[in-house]
Amino acid sequence: MRKIKLMNKIAAVGTNVFDKAVYEVSDSLEGADAIMVRSASLHEMEFDSELLAIARAGAGVNNIPTDKCAERGIVVFNTPGANANGVKELAVAALILASRDVVGGIEWVKANAADENIAKTVEKEKSKFAGCEILGKTLGVLGLGAIGGLVANTAKNLGMKVIGCDPYLTVNAAWSLSSAVVHAQSYDEIYASSDYITLHVPSTPTTRGMINKETIAKMKDGVRIINLARADLVNSEDMKAALESGKVAAYVTDFPTPDTVNMKNTVSIPHLGASTAESEDNCAVMAARQLCEFLETGNIKNSVNFPAVSIPHTGASRICICHKNVANMLASITGIVSGAGINIENLSNGSKGDFAYTIVEMSVKIPADIIPKIEAIEGVIKVRVIE
């Protein structure tokens, strides 16, 4: 039996993906083959040597020590795009919340609930909460992946002018974009021309703090900024100063912090981006299917610390190898296999940064004595045989 340990409550539609005749799924397993997690932090967790993979039912993996996992040959998966529609819909709401003081107006009504003449009082006071419309305004989208692309297309359908930038735009993502979305060559181009800016990039060393006093200075006066991606993309102190001065008219964030909850003209949403029943189901199913594929065939798709490597499992056996991205690795592996008189039916290899992954497919069962030889190659991290 393969063991799947749950670190959070995972939607049943996801855990039901696992064949109960093959998999044991529980939150109290020891020596698990794989872990499924949502928000639980794994940074202090000691990983068993049997652990092969971790699947995050969501896109962000900041709760998982991905580098540590890579060093131990633990493949970390996420589920990009599974929650995209839920975040897109919240982004539409955020556009409105950034434009009109809906929250302030609702709070005012609650505070005046005892007013017997509330209907008349409303007519006198409603101008305090007036705002602007998004129709005809320019929206700048930073990041045009699964979520950013949907937001860009939807904003265009709502009558906005849309300009987007993504240095890492994939071919598939580009095909999904409306032809009416203007492609900017740089973020600076977006800063200079946008009435609204929405962030849809991952948190990386190059994007953390990307919205700061220098970049805000390049923006239009009265710009409205939406951050449903990650809290650390925005420098809080610089945003606070920009809101106080009026340079930024409004800030909507899905990541409340002690700073943001007290900022002027800020709406702090309690991390609701993917908090829909549909998103949770989609993420759970996608994560479970990726784990099944990896555990049963060794194929990798949507890993954040190892490359995507996938070939049909048509032979009698295959060797799956997590290793460092170093020279002569493939020659060393294939040399050992061919030296044992075994013909390689198929082979696939890929790299991601300092790490790489290789699948070697064979038409015969793998002799046990060649596995220690492959494990002994300098730079090999973990070897697994699938038959």
Is the ring centre of Phe255 less than 6.0 Å from the ring centre of His271?
yes
Can you get from Ile377 to Ile381 by hopping between Ile, Leu, Val, Met, Phe, Trp and Tyr side chains that sit under 4.5 Å apart?
no
Backbone N/O of Ser303 and side chain of Lys352: donor-acceptor pair under 3.5 Å:
yes
Are the side chains of Cys292 and Val17 in contact, using a 4.5 Å heavy-atom criterion?
yes
With clusters defined by side-chain heavy atoms of hydrophobic residues (ILVMFWY) lying less than 4.5 Å apart, directly or transitively, does Leu199 cluster with Ile269?
no
Do Ser203 and Asn62 have side-chain heavy atoms sitting under 4.5 Å apart?
no
Check whether Asn212 reaches the backbone of Thr215 with its side chain - one donor and one acceptor, N or O, closer than 3.5 Å.
yes
Going by atom types only, do Ser268 and Thr260 share a side-chain donor-acceptor pair under 3.5 Å?
yes
Between Ser99 (side chain only) and Ile134 (backbone N and O only), is there a donor and an acceptor less than 3.5 Å apart?
no
Quiz question: by atom type and distance under 3.5 Å, do the side chains of Thr358 and Asn349 form a donor-acceptor pair?
yes
Donor-acceptor pair, distance only, cut-off 3.5 Å: does the side chain of Thr276 make one with the backbone of Gly86?
no
Donor-acceptor pair, distance only, cut-off 3.5 Å: does the side chain of Thr154 make one with the backbone of Val151?
no
Single-linkage hydrophobic cluster Ile163~Ile225, side-chain heavy atoms < 4.5 angstrom
yes
Using only atom types and a distance under 3.5 Å, with no angle test, would you say the side chain of Arg318 pairs donor to acceptor with the backbone of Ile311?
yes
Is the backbone N or O of Leu150 less than 3.5 Å from a side-chain atom of Lys88, with the two atoms forming a donor-acceptor pair by type?
no
Step by step, would you call Asp354 with Lys324 a salt bridge (charged side-chain N to carboxylate O under 4.0 Å, His left out)?
CA-CA 6 Å; Asp354 294 332; Lys324 292 290 184 69; over 6 Å; no
Taking the side chain as everything from C-beta on, heavy atoms only, tell me whether Leu142 gets closer than 4.5 Å to Thr198.
no
Angle between ring planes, Phe306 versus Tyr357, binned at 30° and 60°: parallel, tilted or perpendicular?
perpendicular
Side chain of Arg56, backbone of Asn78: donor and acceptor closer than 3.5 Å?
no
Check whether any side-chain heavy atom of Ile197 lies under 4.5 Å from a side-chain heavy atom of Ile226, and answer yes or no.
no
Please tell me whether Leu272 and Ile106 are part of a single hydrophobic cluster in this structure, the criterion being side-chain heavy atoms less than 4.5 Å apart.
yes
Can you name the one residue among Lys137, Lys220, Arg224 that meets salt bridge (Lys or Arg N to Asp or Glu O under 4.0 Å) with Asp195?
Lys220
So do Met210 and Tyr187 actually touch side chain to side chain, heavy atoms under 4.5 Å?
yes
Determine all donor-acceptor pairs shorter than 3.5 Å in which one atom belongs to a side chain in residues 172-179; sequence neighbours excluded.
residue : atom : partner : partner atom : Å
Ser176  : OG   : Asn172  : O            : 3.1
Ser178  : OG   : Ala180  : N            : 3.1

With side chains defined as the heavy atoms from C-beta onward, is the minimum distance between Asp254 and Leu90 less than 4.5 Å?
yes
I would like to know whether Asp188 and Lys218 meet salt bridge (charged side-chain N to carboxylate O under 4.0 Å, His left out); could you show each step before the answer?
CA-CA 7 Å; Asp188 283 355; Lys218 299 174 182 179; 3.1 Å; yes
With side chains defined as the heavy atoms from C-beta onward, is the minimum distance between Trp108 and Glu125 less than 4.5 Å?
yes
Could you tell me whether Lys161 atom NZ has more than 12 heavy atoms of other residues or ligands within 6.0 Å of it?
no
Are Val383 and Ile344 in one and the same hydrophobic cluster, where Ile, Leu, Val, Met, Phe, Trp and Tyr link if side-chain heavy atoms are under 4.5 Å apart?
yes
Does Asp238 offer a backbone N or O that forms a donor-acceptor pair with the side chain of Asn235 under 3.5 Å?
yes
Taking Ser348 for the side chain and Val309 for the main chain, is one N or O donor matched with an acceptor at less than 3.5 Å?
no
